[in-house]
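Atoms within a ligand are numbered from 1 in the order they appear, just like the ligands themselves.
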Amino acid sequence: MGSTGHGGDGLGSDIQLQWSRIRTRLRTEFGPAVYKNWFKSMTLVGIDGKAAVIGVPTRLRRDWIEQHYRERIRAFWQAENKAIADVQIVIFAGAAQAGEPDEPAPALAAVNGAEAEERDVGAPLNPRFTFANFVVGNPNRFAFEAARRVAESAASPQWSVPFNPLFLFGGVGLGKTHLMHAIAWQIRCNNPSRRLIYLSAEKFMEHFVRALRQNNTMPFKKMFRTVDILMIDDFQFIGGKDSTQEEFFHTFNELMDLNRQIVISADKPPTELANVEERMRSRLAWGMVADVHPTTFELRLGILQSKAEQMKAALPLRLLEFLAQRITSNVRELEGALHRIVAHAQLVGREITVEVAEEVLPDLLRKAARRVAIDEIQKRVAEHYNIKLVDMHSARRARAVARPRQVAMYLCKLMTQRSLPEIGKKFGGRDHTTVIHAVRRIEELRAIDKTLAEDLDILKRILETGERGAP
Ligand code: ADP
Ligand code: MG
């Protein structure tokens with residue numbers, strides 16, 4: 001899940017309030033008996049894109065609500081919040097306890113308040129990212145087991161922290177976020193009273209900077225230092241030597257002293273986090289450091305089989321093997337390929353063979369066959385925009401060179417496995433935050449600027465095929 005406007009106003013602080021108004025409307029419309037029977041045990045588990053995800057304790061309830069009341073709930077959500085266009089009903093073991101009590105006791109109301117606050121600060125969880133949906137193989141078995149240990153012990157009433165912190169690391173698209181969400185789901189489902197915050201390092205920084213700017217850091221400190229489980233995703237984005245790192249360090253130490261569970265993910269091991277202070281790096285390495293390794297052919301095939309089954313798509317084994325062999329970069333791309341193939345199959349209504357896949361996925365397959373280097377990207381982009389290659393490294397900030405430079409950084413992030421600091425270094429020793437900024441900017445512009453979008457497509461094609469650019 002990307003940073004799609006969460007923490008902003010649309011889906012932010014009011015969401016729990018909106019939810020409670022919707023409950024009130026359901027009670028008014030259907031009467032107290034129906035309400036008690038069907039709606040009381042519902043709980044808002046999160047927002048997934050445009051969908052409100054609502055948990056109920058049993059399959060029966062889920063099916064019944066799905067059939068009879070979902071449309072109504074959806075309409076109420078729409079009326080409350082235009083950003084929410086859909087409702088998903090899921091089975092959620094914590095629903096019965098976490099649902100609204102008849103008469104909220106003051107203590108419970110306070111707990112719910114704190115919980116709402118945490119869910120607001122934290123990022124929403126993807127309902128698909130559970131342990132059950134995670135395919136285990138040699139490359140990720142250790143990380144999976146470590147994650148499960150943490151989740152099981154934190155969810156159990158007699159909680160003893162098995163190891164602290166748990167540090168998961170590995171390349172892009174290999175399942176780190178999936179495992180993080182799976183831990184959070186299991187704890188929320190089995191022990192909803194645990195206070196858990198899950199968010200990205202970037203969001204942590206944003207919240208802290210905002211609190212600093214508003215001169216109001218107490219609530220921030222208090223919230224983060226009183227949780228039972230703190231989970232920070234993409235830790236490599238924690239900034240340079242600024243106060244955020246300092247703040248995180250203190251939070252970290254306090255939680256460790258209190259024996260609260262900390263789970264962190266990053267794209268490299270603690271010792272290689274170039275932007276992180278030495279004292280923090282060494283503390284991160286104290287606990288359990290678990291590596292999610294690149295996938296093997298067997299794991300990729302297993303993942304494809306499991307996803308095809310979930311999508312109720314009968315695809316020939318030969319095709320799955322072909323994909324597992326050719327698309328090796330990461331699981332996200334593997335999933336993307338599968339989705340496209342299944343969509344195509346449904347559209348044309350004939351069996352999908354390897355040959356058809358080659359037609360449907362030329363870009364993915366070609367890309368898999370070619371490795372692109374940063375130097376090459378810089379060269380092609382400079383050619384395309386007719387600027388000097390040295391301007392990729394220079395400090396000149398004129399738009400005519402700055403924009404192509406940003407395009408090149410964006411393509412490096414997209415098409416190579418290089419980290420942000422490594423990319424920054426190749427662009428005249430720029431900071432990784434400059435690269436983040438460039439990537440964001442180009443993503444934004446791409447959506448509104450047709451010429452730029454075309455430029456990007458052309459450049460990508462040139463780089464993927466290794467063809468020479470236009471003369
Ligand atoms: P990361 O955070 O490491 O970049 P993600 O956790 O976002 O990667 O995973 C990318 C996609 O691949 C997600 O849709 C995730 O569900 C899927 N995925 C990754 N590993 C597995 C796995 N072992 N089993 C099932 N799905 C996986
Ligand atoms: Mg991730």
Any N/O/S atom, side chain or main chain, of Met180 closer to the Mg ion (ligand 2) than 2.8 Å?
no
In ligand 1, the atoms that come under 4.0 Å of a heavy atom of Thr177 are 1 (P), 2 (O), 6 (O), 7 (O)
Within a radius of less than 6.0 Å around CZ of Arg149, do more than 12 heavy atoms belonging to other residues, nucleotides or ligands occur?
no
For ligand 1, is any non-hydrogen atom under 4.0 Å from Ile303's backbone (N, CA, C, O), its side chain (CB onward), both, or neither?
side chain
Any N/O of Gly175 closer than 3.5 Å to an N/O of ligand 1?
yes
Nitrogen or oxygen atoms of Val172 and ligand 1 under 3.5 Å apart:
no
Would you kindly specify which portion of Leu179 sits under 4.0 Å from ligand 1, judged on non-hydrogen atoms: side chain, backbone, both or neither?
neither
Examine Phe235 together with Phe204 and report whether their ring centres are nearer than 6.0 Å.
no
Tell me whether the count of non-hydrogen atoms from other residues, nucleotides or ligands lying under 6.0 Å of CZ in Arg318 goes above 12.
no
Interfacing atoms of ligand 1 (cut-off 4.0 Å, heavy-atom, Val135)
22 (C), 23 (N), 24 (N), 25 (C)
Phe131 and Phe144: aromatic ring centres closer than 6.0 Å?
yes
Check each atom of ligand 1 against the heavy atoms of Asn140 and keep those under 4.0 Å away; list them by number with element.
23 (N)
Looking at Gly171, which atoms of ligand 1 are within less than 4.0 Å of one of its heavy atoms?
3 (O)
So is Gly173 polar-close to ligand 1, meaning N/O to N/O under 3.5 Å?
yes
Donor on one side chain, acceptor on other, Glu246 and His250, under 3.5 Å:
yes
By number and element, which atoms of ligand 1 are closer than 4.0 Å to a non-hydrogen atom of Asn133?
24 (N), 25 (C)
Any idea which atoms of ligand 1 are less than 4.0 Å away from a heavy-atom of Lys307?
16 (O), 17 (C), 25 (C), 26 (N), 27 (C)
When you look at CH2 of Trp64, are more than 12 heavy atoms from neighbouring residues, nucleotides or ligands closer to it than 6.0 Å?
no
One thing to verify: whether Glu443 and Arg440 come together as a salt bridge, which I'm taking to mean a side-chain N less than 4.0 angstrom from a carboxylate O.
no
Please identify which atoms of ligand 1 are closer than 4.0 Å to at least one heavy atom of Phe129.
13 (C), 14 (O), 15 (C), 16 (O)
Checking the side chain of Arg281 only, and the main-chain atoms of Val276 only, is there a donor and an acceptor separated by less than 3.5 Å?
yes
Is it the case that Asp233 and Ser200 place a side-chain donor and acceptor less than 3.5 Å from each other?
no
